[in-house]
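What follows is one structure encoded as structure tokens, with my remarks underneath.
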Amino acid sequence: MDLSIIIVSWNAREYLLKCLESVILETADHLTEIIVVDNASTDGSPEMVKEYFPDVKLICNDANYGFAKANNIGIKQSSGRYLCFINSDIIVLKGSIDRMVVYIRQHPEVGMLGPKTLNPDRTLQPSCMGFPTLWNIFCRALALDSLFPESKLFGGRLMAFWPHDTIRTAEVLNGCFWMVRRDALDQVGLLDEYFFFYGEDIDWCKRFREVGWKVVFFPDAEAIHYGGGSSSNAPIRFYLEMQRADLQYWKKHHSKPSAIAYVLITLLHQTVRVLGQIIIYIIKPSKRIQAKYKIRRSLACIRWLLHNYNAPEEASI
């Protein structure tokens with residue numbers, strides 16, 4: 001088997017339909033298996049896969065196991081020399097998978113490859129980032145990376161100063177679309193299942209790099225990423241999952257004093273956001289619904305951090 005494509009889905013039927021259509025068109029020239037791992041969807045996603053894509057291997061979980069565990073279930077059922085991990089809200093653009101396969105075959109030192117991702121309007125959606133540091137999350141907290149987007153000093157996390165137009169080694173590739181070499185995966189190990197729905201991409205990229213595999217951003221391949229295909233079903237819950245994952249990552253890879261500093265900076269970040277949205281709520285009546293939601297979201301995050309920042313560190317693989 002040349003290629004195993006693993007797609008995890010949770011209540012994202014329409015996105016999944018378009019994703020599968022695009023993937024099937026782009027894999028006709030390879031011996032490919034497509035595996036959909038459904039996290040107990042209730043929107044008819046499994047039935048849609050059975051009806052329209054009978055050749056797709058469908059795995060139906062009895063609960064929402066999250067992103068990392070569901071992908072691991074797919075990995076254990078796969079047999080490809082290369083594995084593609086594709087979010088259900090991705091549309092693969094023409095020729096992208098072919099170009100990625102050619103590149104990773106020609107570069108045996110590359111363990112993970114990620115394409116350029118675009119918004120639905122074809123504008124750039126940054127998917128190549130730096131590892132989180134206390135400095136770059138402080139810059140994000142005060143929006144210094146937004147105020148000075150061309151600055152490498154302030155924008156080291158999201159790398160807005162770089163146009164994402166050249167092949168380069170990366171620290172972090174967004175987990176919405178990866179191609180991974182089987183030999184590398186066997187050495188690095190599975191995704192860390194203690195990350196439920198975020199953070200596993202940063203952790204996995206770090207682990208690939210630590211054992212000597214190159215992680216490469218490859219803009220010659222492109223995909224549209226809608227974003228929020230599953231998380232839009234419960235936005236505040238998934239926002240808190242993101243904060244939880246960030247804290248787990250920090251505890252796993254950094255010292256306790258550094259983790260405490262991370263929590264303090266995050267509290268600063270959310271406090272600044274609350275104050276900013278209050279001002280928007282007052283002076284821009286047309287933005288009040290959105291501002292109210294963002295205030296609720298940041299306050300929920302602050303409450304969660306104050307109650308959980310000192311919780312025992314969870315085990316990891």
Side-chain angles (χ1 to χ4, degrees), residues 1-24 26-27 30-92 97 112 114 117 173-182 184-186 188-201 203-205 223 225-234 237-238 241-242 245 317:
M1 188 69 66
D2 293 329
L3 191 61
S4 296
I5 294 179
I6 300 172
I7 303 171
V8 171
S9 182
W10 179 65
N11 288 332
R13 183 186 184 280
E14 296 308 313
Y15 289 110
L16 179 61
L17 174 63
K18 294 177 182 178
C19 177
L20 285 169
E21 288 173 341
S22 74
V23 166
I24 288 170
E26 292 306 306
T27 54
H30 302 279
L31 185 57
T32 305
E33 61 180 356
I34 302 174
I35 302 170
V36 170
V37 185
D38 186 83
N39 270 332
S41 294
T42 57
D43 67 344
S45 294
E47 293 78 9
M48 179 273 293
V49 174
K50 291 176 184 177
E51 180 178 356
Y52 294 110
F53 306 99
D55 294 331
V56 169
K57 183 185 294 185
L58 175 65
I59 301 171
C60 293
N61 293 331
D62 57 7
N64 185 355
Y65 292 157
F67 184 79
K69 185 173 181 177
N71 269 306
N72 287 344
I73 290 170
I75 290 170
K76 292 171 185 177
Q77 296 293 319
S78 69
S79 57
R81 184 181 298 114
Y82 308 105
L83 299 92
C84 270
F85 301 86
I86 301 178
N87 276 19
S88 58
D89 57 355
I90 283 280
I91 293 179
V92 182
I97 289 179
M112 180 188 291
T117 56
L173 296 175
N174 188 296
C176 66
F177 191 160
W178 290 317
M179 181 174 285
V180 170
R181 186 184 302 275
R182 170 77 66 175
L185 188 152
D186 290 342
V188 174
L190 299 174
L191 289 153
D192 187 338
E193 295 182 5
Y194 284 96
F195 293 96
F196 179 77
F197 196 73
Y198 295 103
E200 70 290 311
D201 50 357
D203 175 74
W204 220 24
C205 289
H225 182 213
Y226 284 92
S230 291
S231 60
S232 60
N233 294 300
R237 172 195 166 189
F238 278 88
E241 285 293 344
M242 186 187 300
I317 61 175

query: Would you say W204's side chain and D192's backbone share a donor-acceptor pair under 3.5 angstrom?
result: no
Backbone of V92 reached by a side-chain donor or acceptor of S22 within 3.5 Å: yes
statement: Between the CD1 atom in I7 and the CD1 atom in I59, the distance rounded to the nearest 0.5 Å is 12.0 Å
Any E200 side-chain heavy atom under 4.5 Å of Y194 side chain: no
statement: Rounding to 0.5 Å, atoms CZ (F195) and CG (D203) come to a distance of 4.5 Å
- prompt: CD1 of I35 to SG of C84: how many Å apart, nearest 0.5 Å?
  reply: 12.0 Å
Short side-chain to backbone donor-acceptor contact, D43 and R13, under 3.5 Å: yes
Test item: V37 and N71 side chains (from C-beta on) under 4.5 Å apart, heavy atoms: no
message: Show me the pairs that pass side chain to side chain donor-acceptor pair (under 3.5 Å) and involve residues 49-58, at least two apart or across chains.
response: none
task: To the nearest 0.5 Å, tell me how far S4 OG sits from H30 NE2.
output: 13.0 Å
query: Should I6 and Q77 count as side-chain neighbours, where that means a heavy-atom distance under 4.5 Å?
result: no
- prompt: Out of curiosity, L3 CG to S79 OG, how far, rounded to the nearest 0.5 Å?
  reply: 10.5 Å
- prompt: Considering all heavy atoms of both residues, which atom of A12 and which atom of S45 are nearest to each other, and what is their separation?
  reply: N-OG, 3.8 Å
task: Give a yes or no on whether the backbone of G80 and the side-chain of R182 come within a donor-acceptor separation of less than 3.5 Å.
output: yes
message: Please evaluate residues I97 and I5 with respect to the criterion side-chain contact (heavy atoms from CB on, under 4.5 Å), reporting the C-alpha separation (whole Å), side-chain torsions for both, the decisive distance (0.1 Å), and the verdict.
response: CA-CA 10 Å; I97 289 179; I5 294 179; 4.1 Å; yes
query: Do V36 and L20 have side chains that get closer than 4.5 Å, going by heavy atoms?
result: yes
query: Looking at CE of M48 and OG of S9, how far apart are the two atoms once the value is rounded to the nearest 0.5 Å?
result: 7.0 Å
Geometric class of the W178/F85 ring pair [parallel <30°, tilted 30-60°, perpendicular >60°]: perpendicular
field: Any residue meeting ring pair (Phe, Tyr, Trp, His ring centres under 6.0 Å) with F177, in chain and number order, not counting sequence neighbours
entry: none
- prompt: Is D38 reaching over with its side chain to a backbone N or O of C60, donor-acceptor style, under 3.5 angstrom?
  reply: no
query: Does one side chain, of Y198 or D201, offer a donor that lies under 3.5 Å from an acceptor on the other?
result: no
query: Which of these, I90, N87, I91, D89, sits in a side-chain contact (heavy atoms from CB on, under 4.5 Å) with Y15?
result: D89
field: Exam field: side chain D2 to backbone T32, donor-acceptor pair closer than 3.5 Å
entry: no
query: According to the interplanar angle, ranging from 0 to 90°, do the rings of F196 and F238 count as parallel (below 30°), tilted (30 to 60°) or perpendicular (above 60°)?
result: tilted
